[in-house]
2 protein chains.
Amino acid sequence: MNLPPLIQAFVLHFGEMGSRWGINRTVGQVYAVIFLANRPVCADDLVDAVGVARSNVAMALKELQSWELIRLKHVAGERRDFYVTLDDIWAIVRKLVEQRKRREIDPTLTVLRELLMQSPASEEERFAQERMQEMHGVIELLTGWYDDIERLETERLVQLLSLGAKIVKALDWKDKLFVAKGGRGKSKTSGEGDAGPERS
Amino acid sequence: MNLPPLIQAFVLHFGEMGSRWGINRTVGQVYAVIFLANRPVCADDLVDAVGVARSNVAMALKELQSWELIRLKHVAGERRDFYVTLDDIWAIVRKLVEQRKRREIDPTLTVLRELLMQSPASEEERFAQERMQEMHGVIELLTGWYDDIERLETERLVQLLSLGAKIVKALDWKDKLFVAKGGRGKSKTSGEGDAGPERS
DNA sequence: CTGGATTTTCAGAATTTTCTGAAATAACAG
DNA sequence: CTGTTATTTCAGAAAATTCTGAAAATCCAG
């Protein structure tokens, strides 16, 4: 491994975290190098920077492309493939959430829907299905909320995040003017419902 | 493995997903069994249900306790240890987010803070540090937002999630009455700032 | 104490994942 | 075409993780 100390420290950390994040060490390190580079990076650079076999770098690049976290970027006068990360940090966050949702949540949602269609054959199964229903409801609520939020432009998103829990104060305050008219949640207070169709 | 078909299907799915979720198959299956059970579950039950060695069950239980996803629950007239999951599904979600944040984000935040203290020794390092700064900023914003949100009671949280992006409409609308008075984010519009102290 | 029931620990086996080096394939300039 | 450069594939090696069975430790009733 052949990198300036500051960069190397970050790259090594990403390697260590890799397994916790569901990628492997090499994938983590390769991503870190590309993320920190101020120019497109090619496989040779990565072999040099990370110090693993070229074939391993190739695998890592394939994996990162399957996550859509890196893109090919051709460099003038070069035959080799060069890569860059998504330019905007918020685009990266959105992609990460999207992909992890796809890999870690969607399959379970599918299974839950299947199993909730079946009729329980015993009290034991009936109770189990009740639990599955709870889980399904929570996942639907959370992913539905995110589907809504992800469509916001970044500026708006940052605004919302900056507000934090103050948003609730805002809601309180609104409730004082517009008395509850119902909504899609279970609670008795909600928005006035003029901002688009209900979710499924 | 010895379970009713509906339950078995769910348990097997949790086992398969385990590796994507950063736990192993047995831990996933053991959790699923306890989650779906309508009574506290002991190690013997789990050996029977999941069909792995008792020692493996013991490891899985330890792991799940380290996540604080299961609790010991003594059963009248039994010497053996029985376990239950957190009762409320929202408590489970909160715990999951808390733990994954602790394991997957906090270590990186620490490293970022360390590396951002150092002075870059080259243009390459200066640029890298800029990227680290972006990453640090995003993580702080997201985790700060969550710290705020997690304090809400569940009813309020569900209300907020149900609103989805409508919340933004509400903000728009508020802005029309109260012209921007600043806030903690970068954006020019924010809450009225009467909901507690600013975050660091 | 003692003895049985239960849980925990841990060394090594089994399995899975990651990594390598070599060969195959592809891309392209001349 | 042909030769060179670059990328991909893949079988097996290496490493890491998971799992087991046996032994040790713990717990508790009598």
Side-chain angles (χ1 to χ4, degrees), chain A residues 1-2 11-12 14-34 40-67 70-84 103-104, chain B residues 1-2 11-12 14-34 40-67 70-84 103-104:
Chain A
M1 179 170 293
N2 182 18
V11 169
L12 289 176
F14 254 56
E16 281 166 26
M17 295 302 284
S19 48
R20 298 197 198 188
W21 295 338
I23 57 181
N24 66 41
R25 184 161 46 116
T26 304
V27 173
Q29 292 185 346
V30 164
Y31 184 77
V33 170
I34 303 176
V41 172
C42 72
D44 288 320
D45 296 335
L46 291 165
V47 168
D48 194 46
V50 175
V52 298
R54 172 172 231 73
S55 54
N56 198 1
V57 167
M59 291 294 199
L61 290 170
K62 217 172 87 179
E63 173 80 357
L64 288 169
Q65 282 178 290
S66 88
W67 280 79
I70 62 173
R71 286 186 307 102
L72 252 173
K73 168 111 188 183
H74 286 293
V75 169
E78 275 280 4
R79 271 178 61 187
R80 292 173 297 178
D81 290 340
F82 284 72
Y83 295 90
V84 291
R103 290 157 196 250
E104 299 183 12
Chain B
M1 177 169 295
N2 183 17
V11 169
L12 289 176
F14 256 56
E16 281 165 26
M17 295 302 285
S19 49
R20 298 197 197 186
W21 295 337
I23 56 181
N24 66 42
R25 186 160 43 116
T26 305
V27 173
Q29 293 185 346
V30 164
Y31 183 77
V33 170
I34 303 176
V41 172
C42 72
D44 288 319
D45 297 335
L46 291 165
V47 168
D48 193 46
V50 175
V52 298
R54 171 173 233 68
S55 54
N56 199 1
V57 167
M59 292 294 199
L61 290 170
K62 217 172 88 180
E63 173 79 357
L64 287 169
Q65 281 177 290
S66 90
W67 279 79
I70 61 173
R71 287 186 305 102
L72 254 173
K73 167 113 186 181
H74 285 293
V75 168
E78 276 280 5
R79 271 178 61 184
R80 294 174 296 178
D81 290 341
F82 284 72
Y83 295 90
V84 291
R103 290 157 195 249
E104 299 183 12

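Since the model is a prediction, treat every value here as computed from it, not as a measurement. Chain letters run A, B, ... following the sequence lines, proteins first, then strands; residues in each count from 1.
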Worksheet item: Can you name the residues that form a salt bridge (charged side-chain N to carboxylate O under 4.0 Å, His left out) with A/Asp45, not counting sequence neighbours?
Response: A/Arg39
Item to complete: Just jot down the ring pair (Phe, Tyr, Trp, His ring centres under 6.0 Å) partners of B/Tyr83, sequence neighbours excluded, or say none.
Response: none
Fill in: Whole-Å distance separating the CD atom of B/Glu63 from the C1' atom of D/dT17
12 Å
Worksheet, complete the sentence: Shortest non-hydrogen pair, A/Pro40 vs A/Phe82, comes out as O-CD2, 3.4 Å
Check residues 54-64 of chain B and write down every donor-acceptor pair under 3.5 Å in which the side-chain atom is one partner and the other belongs to a residue at least two apart or another chain.
residue	atom	partner	partner atom	Å
B/Arg54	NH1	B/Asp44	OD1	3.2
B/Arg54	NH2	B/Asp44	OD1	2.4
B/Asn56	ND2	B/Thr26	OG1	3.3
B/Glu63	OE2	B/Trp67	NE1	3.2

Worksheet item: Hey, can you pull the residues of residues 71-83 of chain B with a non-hydrogen atom under 4.0 angstrom from DNA chain C?
Response: B/Arg79, B/Arg80, B/Asp81
Worksheet entry | Counterpart residues, side-chain hydrogen bond (donor to acceptor under 3.5 Å, both in side chains), relative to A/Glu16 (two or more places apart) | none
Worksheet entry | Rounded distance (Å) that lies between atom P of C/dT7 and atom CG of B/Leu64 | 15 Å
Worksheet item: What is the minimum heavy-atom distance between B/Arg20 and A/Glu104, and which atoms define it?
Response: O-OE2, 3.5 Å
Worksheet item: With a 4.5 Å heavy-atom cut-off, do B/Lys73 and B/Asp81 have their side chains touching?
Response: no
Response to the item:
note: A/Leu61, atom CG; D/dA6, atom P; distance rounded to Å ~ 15 Å
Discussion item. Please give me the minimum heavy-atom distance between B/Val11 and B/Gln29, naming the atom from each residue.
Written reply: O-CG, 3.5 Å
Worksheet item: Between atom NZ in B/Lys62 and atom C1' in C/dT7, what is the gap in whole Å?
Response: 11 Å
Worksheet item: How does protein reach along nucleotides 18-25 of chain C, written 5' to 3' as B (base within reach of a heavy atom under 4.0 Å), S (only sugar-phosphate), or - (no contact)?
Response: SSBB----
